[in-house]
Amino acid sequence: MNRTMRVERLSVSGVRPGEIVVATGVAHPERGPVGSPAAPLLAAALGRGEPDPGGRRIRLHPMDGAAGAVGTGDAVLVMASYLELDGRAVGLGAAAHADDRAAVDICAELVAQWAGLLRSRRLLVAAPEPDCAGARAGVETILRAARVARREVPVHVYGRPVAAVDRIARLAEAGVAFTDDLDAVPDGSVVAFPPHGVPLPVRAEAAARGLGVVDTTCPLAALAHRDVEAYAHRGDTVVLMTGARDTAGEWVSVSQAPESVLTMRNAAQASDLQRFGVDPERLSLVVQTGIPVDDAAGMITALRDRYPRVRGQHYDALCYAATDRAAAVRSVAGAVDLTLVLGAADDPDAGQLEAEAAAGGRAVRRLAAAGELAAAWLTGVNAIGVVPARSAPGALMPQVLDALAGLGPLSVTEREVRTAPRPAVDGAAPGFPAQPGGTVVDA
Ligand code: SF4
């Protein structure tokens with residue numbers, strides 16, 4: 001840590017016996033205001049018993065280190081502080097009543113534990129936007145529809161958009177209802193199709209009932225659906241490459257021609273297709289949108305090796321959203337000592353990000369709240385990766401960054417990977433379909 005670091009004890013007031021106060025800031029007699037963004041981490045650590053507060057109440061509060069100098073101090077603040085390059089003082093501290101010597105010792109242990117972590121660090125945020133362009137555009141389109149709909153007859157979304165928890169919350173706040181049953185949508189009202197689309201029978205039923213339809217099916221997803229239908233229509237068996245992950249769109253793709261689609265989850269299954277009696281001359285492949293193209297590449301190779309006359313999509317039709325997100329995570333995880341995946345414990349998206357990050361063999365932890373960040377994770381850590389999953393509330397990222405900024409000067413950068421169509425040499429538009437977005441078909 002830099003040479004301005006100082007560990008000291010100050011006389012303060014306002015701490016009752018039986019409690020430990022973690023300082024959210026300190027009025028220092030010499031350094032002036034000392035910010036303490038890491039205070040929630042210290043309080044949470046005490047709450048977990050690191051160290052054990054011995055049943056004492058834990059409270060977060062600003063402390064006045066000048067109080068003792070004017071004779072009012074009845075407590076001891078143990079604190080560490082340093083000066084940032086711009087002269088601002090930053091630190092951390094905890095205080096206990098002066099008569100409670102054991103509590104003062106606990107404060108000293110707590111501060112020593114965290115002060116030992118104070119150092120400058122690099123922080124790389126990987127793929128800061130968890131939602132793909134199709135999901136973002138789709139949610140905005142549904143919100144627009146909700147704004148024009150009458151509040152007493154809400155817009156219903158069939159299924160649930162695969163989107164960040166904050167975007168889903170915005171839909172709910174706008175009065176949008178979610179359903180898996182068209183019977184729940186009142187006659188004469190509006191149903192929205194999410195970006196991954198809806199099965200064909202649902203589309204047909206909505207039309208037959210004369211429901212208003214807001215179709216936010218992403219153009220890339222719609223293209224894959226059309227390909228499944230077209231390949232089946234020409235008499236082919238369609239091998240739908242879904243990979244090992246569950247995607248919301250898989251059942252939509254299958255619904256385009258259920259009797260003609262075989263799903264393929266791994267390359268080894270190429271040799272199993274024969275038992276379904278497939279005709280090697282009448283075989284097509286479609287890559288399910290929402291999976292990394294890298295996952296599909298091995299399956300495509302295995303299928304082509306086995307069935308050289310297999311036909312399929314033009315590669316321009318592939319969606320690279322998941323590919324790019326995974327690549328950003330792997331790139332960051334390979335460049336840092338510790339990757340923090342922000343997201344709920346039961347979130348499959350966070351689990352997938354964890355698996356991507358862990359593939360490089362470095363430490364990975366999941367955080368559902370900033371306070372879960374343990375001191376032991378940060379020992380010897382100079383560079384940290386942070387990846388938001390869809391279940392992470394938008395407020396969590398700034399909370400984590402704030403807290404880490406209280407543990408030493410922090411350089412924060414972002415890393416994204418973007419695969420985009422390369423403009424044709426003659427300036428003509430490449431073969432990529434329209435950008436993801438939503439269209440109101442009949443609202
Ligand atoms: S096709 Fe790709 S861009 Fe479109 S919604 Fe699905 S994952 Fe997102």
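Order of listing sets the numbers, starting from 1, for every ligand and every atom in it.
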Quiz prompt | Gap between atom OH of Y231 and atom CG of D236 - 0.5 Å precision | solution =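 Spacing of CG (D236) from OH (Y231) equals 9.0 Å.
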Quiz item: Got a second to check how far D166's CG is from R390's CZ, nearest 0.5 Å?
Solution: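 The CG atom of D166 sits 13.5 Å away from the CZ atom of R390.
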Self-check item: Backbone or side-chain N/O/S of C218 under 2.8 Å of atom 2 (Fe) of ligand 1
Solution: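 Checking C218: none of its N, O or S atoms is under 2.8 Å.
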Exercise. Taking only heavy atoms of L220 into account, list the atoms of ligand 1 that are under 4.0 Å away from them.
Key: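 The list of qualifying atoms is 1 (S).
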Practice problem: List every atom of ligand 1 that sits less than 4.0 Å from any heavy atom of C319, numbering the atoms from 1 in the order shown and giving each element. | Solution: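 Answer, ordered by atom number: 1 (S), 2 (Fe), 3 (S), 7 (S).
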Quiz item: Would A221 count as a contact of ligand 1 if the rule is a heavy atom under 4.0 Å away?
Solution: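 Contact check A221 vs ligand 1: positive.
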Exercise. Indicate yes or no: does E129 engage R167 in a salt bridge with an N to O separation below 4.0 Å.
Key: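 Yes, this pair counts.
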Exercise. Decide, yes or no, whether a salt bridge links R418 with E416 under the criterion of side-chain N to carboxylate O below 4.0 Å.
Key: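 Judged by the 4.0 Å cut-off on N to carboxylate O distance, R418 and E416 do not form a salt bridge.
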Exercise. State, without any angle test, whether R203 and S255 hold a side-chain donor-acceptor pair at a distance under 3.5 Å.
Key: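 Looking only at side-chain atoms, S255 and R203 do not form any donor-acceptor pair under 3.5 Å.
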Practice problem: Going by heavy-atom distance to atom 6 (Fe) of ligand 1, choose the closest among V162, T289, D131, T217. | Solution: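 Answer by nearest heavy atom: T289.
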Exercise. Tell me whether C132 has at least one N, O or S atom under 2.8 Å from atom 8 (Fe) of ligand 1.
Key: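 Yes - counting backbone and side chain alike, C132 has an N, O or S atom under 2.8 Å.
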